[in-house]
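All remarks here apply to the structure that follows.
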Amino acid sequence: MKIDLENLTIKKAHNALLRKEFSARELVENYLAEIEKKNPALNAYLEVFGDVLEQAGAADEKIKKGDTSLLTGIPFAIKDNILIKGRRAGAASRILENYVAPYDATAIKKLKEAGAIFLGRANMDEFAMGSSTENSAYGVTKNPHDETRVAGGSSGGSAAAVAADLALAALGSDTGGSVRQPASFCGLVGLKPTYGAVSRSGLMAMGSSLDQIGPLAKNVEDAEIIFNAICGQDLMDSTTISEKTYPAGSLPEKFIVGVPRDFLGEGVAPEVLKNFEAGLKKLEQAGVEIRDIELPNIRYSLPVYYIIMPAEISSNLARFDGVKFGAKISGSNLLEDYLKTRGQLFGKEARRRIILGTYVLSAGYYDAYYNKAIAVRKMIADDLKKVFDSGVNAIATPTTPSPAFKIGEKINDPLQMYLADIFTVTANIAGIPAISIPSGFTESADKKLPLSLQLQASWGREDILFEIGKKFEKI
Amino acid sequence: MANGMICYMLKLEEIEKLAKLARLEIPAEEKETLRKEVGEILEYIGQIQKLSPQEPPKEAGIIHNVFCDDKGPHQTGEFTDALLANAPDREDGYIKVKKIL
């Protein structure tokens, strides 16, 4: 049975499964056929699991018994840095060659309980460091909209999989934009939840004060369904928040969206700005008030991010030493084991960020970089709080300063690559939720490249993002 | 590449020292590129030097015990095999390393 995967959403699939229009088995067979056809060119999956049909069989059993949730039988791609018990997980790094996850990430446990199906593990930038998936040790993921371009990163495999109908939805992780930016490049919805909303247990740590697992999906409603399934306080992650952590508010009759105009000029492609202005018009048509706002320190988000993040990476990646897990290159003594294993099995970008992090944390520079960045981080969060306290419900920017760039275009210029995160890092620095929503296309050499609008809301207010997002989608 | 009083370009020896501290063997031909790239990134992130933010007050938040209660322990050895299976070298239920002293 041929299923129209292109127009399928979680809600539609769920209804069709319940109405027995197709079974979970037929659904995954359709996805597996697409994977076989398209994955060799796209390289979205590093591995397609061998037991997908068994998983579908179990979902069909649940459906037969009437024991279902919205996600029962829904096929997911899972980023390679999220642990699924008994399966390989490698963060697309050679240093984790042969690593098998000994436990489930909390988000995975919740998806399993909901009856979701895992199709395979998705490609990514090594240890989630990058904006193009070019830093994967297993080759770049190509953008389904134009295979000469990157799918974005670091959750590029997750994004390409959903965009090319190789999965109905995906999990990624977002440390500075790694869910939202690839979602934007591939024409999907991507959500970075409030820091602490989704447990980080079983997510390989990159920047522990910044990381969040988030969904990549075909529309806002699907992203909301996944978020509701994976969020919640967790004993295994002491930074998770409860429903009481941030005051819940009601939804306003008329939403106010703020635009930090001063921040939107330099380095942003003209077609992105044009599309953004059109997006604001659409929001107005949907009854949203647009208001200019000032965020004087937002321009420091990216430099602050590129201090805090490498600092946390240099500590977090210290655990990969060829002793406890993964691969090892043997030297003539223990020190050489470390030097060779880490030097040869970490990729270039990982080594670069470890060096940078070691520098900003070293004696003599700690105050000038790390401590100062922590202080500026607070200033940025205070600016945001002031704006939200003034009645603004959400802040709008483009998700990225350009559409998907060419493979190879920025790989030898790390600073240029980092600038791709200019609009997304703020939400991670402050810990607020942010969503990227498709806002149309720009044309380049006969190819239509997706563009997106980013909305950021106050701590714990994903509900506002979903509401405005759904209004935006309708117009 | 100097910006005010701070020079962001590192010396090759500094890159070597950082690599040693981070336990990374960097291939000789990569050191110069790394020196240049790290210098450019440091210059970019150095722009926060011109800010004089107030040191944020040290906040502890609500103090609570983040550790699991010490009760209902699992059987000794229950997870040993699963965890050790990922170690590159092991012997008799231990992780094996080269001699330390």
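Quick note on labels: first sequence line is chain A, next is B, and so on, each numbered from 1.
In this structure, no portion of A:Tyr103 lies under 4.5 Å from any heavy atom of chain B. For A:Lys378, the part sitting under 4.5 Å from any heavy atom of chain B is the side chain, from C-beta outward, and nothing else. Heavy-atom distances place the side chain of A:Leu335, and not its backbone, under 4.5 Å from chain B. Proximity to chain B involves both the backbone and the side chain of A:Ala373, based on heavy atoms less than 4.5 angstrom apart. At a 4.5 Å heavy-atom cutoff, the contact between A:Tyr418 and chain B is made by side-chain atoms alone. Of the two parts of A:Tyr365, only the side chain, counted from C-beta on, holds a non-hydrogen atom closer than 4.5 Å to a non-hydrogen atom of chain B. With a 4.5 angstrom heavy-atom cutoff, A:Asp337 touches chain B only via side-chain atoms. Proximity to chain B (any heavy atom under 4.5 Å) is shown, for A:Thr358, by both the backbone and the side chain. When heavy atoms are compared at a cutoff of 4.5 Å, A:Leu419 approaches chain B solely by way of its side chain, counted from C-beta outward. Contact annotation for B:Leu18: both backbone and side-chain heavy atoms come within less than 4.5 Å of a heavy atom of chain A.
A donor-acceptor distance shorter than 3.5 angstrom exists from the side chain of A:Arg342 to the backbone of A:Leu317, with no hydrogens or angles considered. A side-chain donor-acceptor contact under 3.5 Å links A:Asn428 to the backbone of A:Thr175. No side-chain donor-acceptor contact under 3.5 Å links A:Lys328 to the backbone of A:Thr341.
In terms of non-hydrogen atom pairs under 4.5 Å with chain B, the most contact-rich of A:Ser314, A:Gly326, A:Ala318 is A:Gly326. Highest contact tally toward chain B, considering only A:Val376, A:Val100, A:Leu235, is held by A:Val100 [criterion: heavy-atom pairs under 4.5 Å]. Your options are B:Asp89, B:Leu42, B:Ile100, and the one with the most heavy-atom pairs under 4.5 Å with chain A is B:Leu42. Among B:Ile95, B:Ile48, B:Val97, B:Leu21, the residue making the largest number of heavy-atom pairs under 4.5 Å with chain A is B:Ile48. Interface remark: of the candidates B:Ile41, B:Leu51, B:Val38, B:Leu51 forms the most heavy-atom pairs closer than 4.5 Å to chain A. Per-residue heavy-atom pair counts under 4.5 Å with chain A were compared for B:Thr33, B:Leu83, B:Ile45, and the maximum is reached by B:Ile45.
Other residues, nucleotides and ligands place no more than 12 heavy atoms under 6.0 Å from the NZ atom of B:Lys36. Crowding of A:Arg299 atom CZ: a count of heavy atoms from other residues, nucleotides or ligands under 6.0 Å not exceeding 12. In the displayed structure, B:Lys98 atom NZ is contacted under 6.0 Å by more than 12 heavy atoms of other residues, nucleotides or ligands.
No donor-acceptor contact under 3.5 angstrom links the side chains of A:Ser201 and A:Asp234, judged on distance only. Between A:Ser208 and A:Glu312, the side chains place no donor N or O within less than 3.5 Å of an acceptor N or O (distance only, hydrogens not considered).
With contacts defined as side-chain heavy-atom distances shorter than 4.5 Å, the pair A:Arg353/A:Tyr306 qualifies. Using a 4.5 Å heavy-atom threshold, the side chains of A:Arg87 and A:Arg121 count as separate.
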